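Right, one structure below, let's go through it.
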Amino acid sequence: MAKLNLVAISAEREGSILSDGKVESSESESTLTTRQPFTDQQFLKNLSRKKQKRSTLIVFLALTDIFAIILSFTLASLLRLGEIELTQLTNVLLTVIPIYIAIALNNKAYQTNVLTGYWKSINRGVIALLLASSAMLLILFFFKTSNEFSRIMFGFGTLGAAVMIIMTRSLIFKLGQKYIGRSPYADVCIYDGIPIRQDNSDAAIVAEEHGLVADPSNPDAVNRLGQLASGMDHVIVHCPPEKREFWVFMLRSLDVKSEIVVPELDSIGPLAIKLRSNQTSLLISSGQLRWDQKIVKRAFDILLMVCILPFLFPVLLIVALIIKLDSPGPVLFFQQRIGLGNRPFKIWKFRSMRTELADATGHDSTQRNDPRITKIGKIIRSTSIDELPQLFNVLRGTMSVVGPRPHAPGSRAEDMLFWDIDQRYWHRHAVKPGLTGLAQIKGFRGATEQESDLSNRLNADLEYVAEWSLWTDVKIILKTFAVLFHKNAY
């Protein structure tokens, strides 16, 4: 059980945190309710579009670099040889461009900070080109084919490409500031209990006006914070000292970088110290996975789906037909689950219960020999076939192949909501939920009848979040086949 040494919170709050980490709440909600959207703060929507604009600029930057190399070497061939020697030009470009892209990525020539640093952008692009050209010369030397190429043409091509890269990157830097603004980052500041600083350079909102409360026992407040964080790069909280540890707990569950501004430098276990609006801030959450790790994990998911869906599609059709013939009602069952960043999403499953007895909230856990389950439902649940439609959740990006299993908001253990048992429950959602996970291969599956059932799974999920690697995902997938048939699968 998580132990918290938190200062007392105002009696006006809906709940309080006890010494054993549980939450005593005057009203426990079993569903994630939704307030009015941030319609009165249009600038927040515009702010969240910065990530898309930033990605567009980075892609455009890469395309212009490639175009500069192609154009320069083409002109060099035309000027030196009097014609475009297609074979020689093609061989050069097919070698230089892939090497350039690889070096540029490693040299951070396409990171966001090149949009804010002019010389940084120029240096990284030109250095990547010079290294790529040097690698090309080494290849020609070792393969003894340098005599087949015009070294003057190659030199002019490299020099011209460097000049063009400087010109295009300079132009993109200037246009980028007009297109995306002074800062390419989508940063939002939440002010709770203190006035907004007049010199604040980031988008700022008042917590109370948007229903944002530092109360992890309030699923509505957690959901609101998750919705606000969607599309943002950073969430920064300004609040009095007595509220900071509560906000720390809330922010750790987000999938974006989060900070607490602490001018007096009170230590609350930060990851790093940064400067925010001329005040010292503490880095609380880094979103767990880096951007490159997220790309690798997503690419791995898509690759698996492309490989296995063609083989499983006939199985899906057959199971759907059998369910339809077995009992009246729809083939698929949709239910709200808690996903990445504690944002709700709709999960897909094959219907295994009688339509009139289905539990959309997840309040009533499935029991052994549950009368709600159909004959076919018992079979597909015991073999985990009912989970197969979640492959489409993976394709849509709301789930991953491997990750903590998503729960319904009303899920309980010993008649207590999961976050009332252990508030660290929110932290498991810093990564996407998965079809299978570390908890499942450790044997922690089935109904959560005891508090320990939830605690065991939570500890395994938090271990996965903290120690993620692609090799870990591969091992979990392989070990999942050994637990498809489990005594607790009912």
Side-chain angles (χ1 to χ4, degrees), residues 297-340 343-362 365-366 368 370-408 411 431-441 445-447 470 473-490:
K297 188 170 175 60
R298 181 60 178 154
F300 181 66
D301 288 343
I302 294 175
L303 179 62
L304 280 180
M305 293 302 99
V306 171
C307 292
I308 66 176
L309 269 179
F311 299 98
L312 289 179
F313 194 71
V315 177
L316 295 173
L317 291 178
I318 293 173
V319 173
L321 179 61
I322 294 176
I323 292 174
K324 196 65 177 178
L325 295 174
D326 177 61
S327 61
V331 169
L332 295 176
F333 173 70
F334 302 97
Q335 187 180 56
Q336 187 186 72
R337 298 287 178 95
I338 305 174
L340 179 65
R343 294 184 286 272
F345 75 101
K346 186 178 293 185
I347 199 172
W348 295 27
K349 296 184 67 175
F350 277 130
R351 180 177 60 84
S352 59
M353 293 186 177
R354 304 184 189 282
T355 304
E356 67 276 11
L357 300 177
D359 177 24
T361 66
S365 297
T366 308
R368 196 177 299 275
D370 197 313
R372 297 175 297 172
I373 300 177
T374 63
K375 294 179 180 178
I376 296 301
K378 185 175 181 180
I379 297 174
I380 62 176
R381 291 178 72 93
S382 63
T383 56
S384 300
I385 292 176
D386 64 320
E387 311 285 358
L388 286 181
Q390 290 162 38
L391 295 172
F392 296 101
N393 281 112
V394 175
L395 278 178
R396 297 180 66 185
T398 54
M399 289 181 64
S400 180
V401 175
V402 181
R405 285 294 297 161
H407 299 141
S411 298
V431 297
K432 287 182 182 180
L435 296 172
T436 183
L438 185 60
Q440 282 62 49
I441 66 171
R445 57 180 300 187
L470 184 60
D473 278 8
V474 173
K475 289 192 294 184
I476 290 175
I477 291 172
L478 295 177
K479 291 182 179 180
T480 296
F481 291 100
V483 296
L484 284 176
F485 301 92
H486 194 275
K487 63 179 181 179
N488 291 334
Y490 50 81

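Everything quoted here is computed from the prediction, not taken from an experiment. Residues take their numbers from the sequence shown, with the count starting at 1.
The ring-ring contact (aromatic ring centres under 6.0 Å, His included) contacts involving residues 370-406 comprise Trp348-Phe392, where partners must be two or more places apart or lie in separate chains. Counting only residues at least two apart or on different chains, no salt bridge (charged side-chain N to carboxylate O under 4.0 Å, His left out) pair has a member in residues 313-322.
How far CG of Leu316 is from CG of Leu391: 6.5 Å, rounded to the nearest 0.5 Å. Taken from CD1 in Ile323 to CG in Leu332, the straight-line distance is 7.5 Å, to the nearest 0.5 Å. Rounded to the nearest 0.5 Å, atoms CG (Leu388) and CZ (Phe350) are 6.5 Å apart. Distance check: Leu438 CG to Thr480 OG1 gives 10.0 Å after rounding to the nearest 0.5 Å. Note that the CD atom of Gln390 and the OG1 atom of Thr436 stand 11.0 Å from one another [nearest 0.5 Å].
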Let me have the donor-acceptor pairs involving side chains of residues 299-312, under 3.5 Å, with sequence neighbours excluded, atom names and distances please.
residue: Asp301; atom: OD1; partner: Ser400; partner atom: OG; Å: 3.2
residue: Asp301; atom: OD1; partner: Val401; partner atom: N; Å: 3.3
residue: Asp301; atom: OD2; partner: Ser400; partner atom: OG; Å: 2.7

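Checking side-chain atoms of Lys324 against main-chain N and O of Val331 turns up no donor-acceptor pair under 3.5 Å.
Using a 4.0 Å cut-off between a side-chain N of Lys or Arg and a carboxylate O of Asp or Glu, Asp326 and Lys375 do not qualify as a salt bridge.
Side-chain N/O atoms of Arg351 and Thr374 include no donor and acceptor closer than 3.5 Å.
The only option from Arg405, His407, Arg337, Met399 that meets the side chain to side chain contact (heavy atoms under 4.5 Å, CB included) definition with Pro433 turns out to be Met399.
For the pair Gln440/Ser384, no side-chain contact is recorded, criterion being any heavy-atom separation below 4.5 Å from C-beta on.
With a 6.0 Å radius and a threshold of 12 heavy atoms from other residues, nucleotides or ligands, Arg396 has its CZ atom at or below the threshold.
Judged as a side-chain hydrogen bond (donor to acceptor under 3.5 Å, both in side chains), and not counting sequence neighbours, the contacts of Asn393 are Thr398. The salt bridge (Lys or Arg N to Asp or Glu O under 4.0 Å) test applied to Lys349 returns Asp386, Glu387, not counting sequence neighbours. For Thr355, there are no side-chain hydrogen bond (donor to acceptor under 3.5 Å, both in side chains) partners two or more places apart in sequence or in a different chain.
Looking at every heavy atom in both residues, Ile373 comes nearest to Lys378 through CG2-N, 3.3 Å. Between Val431 and Leu340, the closest heavy-atom pair is C-CD1, 3.4 Å.
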